[in-house]
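Everything on this sheet refers to the single structure shown next.
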Amino acid sequence: MKILVVGGGGREHALVWKIAQSPMVKKVFCAPGNPGIAEIAECVDIDTANIDGLYTFALKQKIDLTVVGPEDALMSGITDRFREGHMQIFGPTKRASAIEGSKVFAKTLMRKHGIPTADFKIFEDIKQAKKHITTCEFPLVVKADGLAKGKGVFICKTPDEANKHLDDIMKEKIFGHAGDRVVIEEFLSGEEVSILAITDGNAILPLSSAQDHKAVYDGDKGPNTGGMGAYSPVSFITQQLQFFIEENILVPVIHAMKRENRPYKGVIYAGLIITSTGPKVLEFNARFGDPETQVLLMRMKSDLVPILLSTEKNTLEDAEIEWNDGASICVVMASKGYPDSYEKGVPIFGLETIKALNHVQVFHAGTAIRDGKIATNGGRVLGVTALGKDLQEAQKAAYGAIEKLSFAGVHYRRDIGAKAIYREK
Ligand code: AMP
Ligand code: GLY
């Protein structure tokens, strides 16, 4: 088989790495990819927004399956375009990916179908929104409706803070039309967990649990990022809790999408918070998580390719996944300044040394070739991912590998997995 992976970050590097190991696969292409991916697949210089370009390439190369990484391609209708041309593709349609693209849609769907989530109200009018917050308890959460690169959510401690963010989103339009509407919701406290499941629109196949570390600094301080690191499995997700999540969140959301005439195929990512009254949904994403995918695929023993294919063939019911019993961890090495502005083109040292390490994979995210050498090219640069017999061993291996890697201004969190290790003691 020939497979095309769309995207060029750490998540796509992990997908390509896993897919390339399948005995079913003869060749993997990645568009646009990155220098790490280029070592194991053929990278093609087509942007993820160029749906026609990707379709034409896939048709010409007789690609058997296209796997989509980023949400923008899904929301631009890549899946719809490929299916119209009878090309196999893994991912939800444009209408189905609204579950990530619009928080208003996702929250309304959850309320209508009884899926547990924070209580909320939706506003199109800033005056009404501001009036509403005078009646609210604090902290409360203000969310822009549309995609905002993970920056559209604000936890507000005071009415002044909430008013400021409402002004930024609805008046100053810092996120453009993504801020035409806002969701104002109750603040929830608890541990967060990412539960991903593959679905063919009927059956669901949940993956193992993972926990992201969104804040930029140690101790969950500082602004949120796309994710500074993750680990898997999450020990507080007991078998019982996992079943509860499947029965009360994953199965209902897939059925709800079907009933709303937006049948959902692909991977659904539930961002959950485990409150004192049970798990509640913070958000749904229509794609694999980044860096959750890196830790999940590191632990996945089964071949991923037949699972991806079974969503197109509607045979997921028969599929199973085998996991490594140990634990995996991913520590993101980021550019100085991320998630705000940062420099690009800074040379990276030590990548060759790492290749000799067992149970460690360095997934490239924002890297590029500059003057014949690998250099930084984004906020999140590398995802150093390790597998161990337990989380402690995996953590030691990942941070051991990081010591061998360097670039000027590198920033990474020193406490990925630390809370979980402390909890398990
Ligand atoms: P979201 O993009 O909706 O998942 O929000 C990003 C992050 O904001 C989440 O991972 C949480 O840490 C935080 N967050 C979002 N909604 C809430 C809420 N209702 N209560 C507490 N924290 C929240
Ligand atoms: N790690 C968070 C996300 O993929 O949205």
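Counting convention: from 1, in listed order, for ligands and their atoms alike.
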For the pair Lys164 and Asp168, find out whether any cationic side-chain nitrogen is under 4.0 Å from an anionic carboxylate oxygen. yes

Would Ala118 count as being in polar contact with ligand 1, using the rule that some N or O on each side must be under 3.5 angstrom apart? no

Region of Asp212 that comes within reach of ligand 1 [heavy atoms, distance under 4.0 Å]: neither

Which one of Glu283, Glu100, Lys143, Lys214 has a non-hydrogen atom at the shortest distance from atom 15 (C) of ligand 1? Lys143

Smallest separation among heavy atoms of Thr93 and Arg83, with atom names: CG2-NH1, 3.8 Å

Restricting to pairs with a member in residues 67-82, which pass salt bridge (charged side-chain N to carboxylate O under 4.0 Å, His left out), not counting sequence neighbours? Asp52-Arg81, Glu71-Arg287

Applying salt bridge (charged side-chain N to carboxylate O under 4.0 Å, His left out) as the test, list every pair that has at least one member in residues 6-18; sequence neighbours left out. none

Atom 17 (C) of ligand 1 - nearest protein heavy atom and its distance: Leu282 CD2, 3.5 Å

Among all protein heavy atoms, pick out the one at the shortest distance from atom 21 (C) of ligand 1; state its residue, atom name and that distance to 0.1 Å. Leu188 O, 3.1 Å

Going by the side-chain hydrogen bond (donor to acceptor under 3.5 Å, both in side chains) test, which pairs reach into residues 196-209, not counting sequence neighbours? Asn202-Lys258, Ser208-Arg299

Heavy-atom proximity to atom 5 (O) of ligand 1, picking from Leu140, Thr117, Asp119, Val153, points to Val153

I need the nearest protein heavy-atom contact for atom 22 (N) of ligand 1: residue, atom name and distance, please. Ile155 CD1, 3.4 Å

Measure from the side-chain N and O atoms of Thr158 to the backbone N and O of Glu161, and report whether any donor-acceptor pair falls under 3.5 Å. yes

So which protein heavy atom does atom 19 (N) of ligand 1 come closest to, and at what separation? Glu185 OE2, 2.7 Å

What protein heavy atom lies closest to atom 7 (C) of ligand 1? Include the residue and the distance to one decimal. Asn224 ND2, 3.7 Å

So is Lys103 touching ligand 1 or not, going by heavy atoms under 4.0 Å? yes

Quick one: CD on Glu191 to CD1 on Ile274, what's the gap to the nearest 0.5 Å? 9.0 Å

Which of the atoms in ligand 1, numbered in the order shown and given with their element, are less than 4.0 Å from a heavy-atom of Val141? 16 (N), 17 (C), 18 (C), 19 (N), 20 (N)

How are the rings of Phe123 and His132 set relative to one another: parallel (under 30°), tilted (30 to 60°) or perpendicular (over 60°)? tilted

Tell me if the aromatic rings of Tyr55 and Phe82 count as close, with their centers under 6.0 Å from one another. yes

If I take atom NZ from residue Lys419 and atom NE2 from residue His213, how far apart are they, to the nearest 0.5 angstrom? 7.0 Å

Whether the Thr385 and Gln294 side chains hold a donor-acceptor pair (N or O, under 3.5 Å, no angle test) is what I'd like checked. no

Can you tell me which portion of Glu186 lies within the under-4.0 Å heavy-atom range of ligand 1? Options are side chain, backbone, both, or neither. backbone

If we number the atoms of ligand 1 from 1 as shown, the ones under 4.0 Å from a heavy atom of Phe187 are 20 (N), 21 (C)

In this structure, CG of Leu387 is separated from CG of Leu297 (nearest 0.5 Å) by 12.0 Å

Residue, atom and distance of the protein heavy atom nearest atom 12 (O) of ligand 1 read Glu192 OE2, 2.4 Å

Measuring from Gln21:CD to Asp303:CG, what's the distance to the nearest 0.5 Å? 9.0 Å

At a 4.0 angstrom heavy-atom cut-off, ligand 2 is contacted by Asp212, Gly226, Tyr269, Asn285, Arg287, Gly289, Asp290, Pro291, Glu292

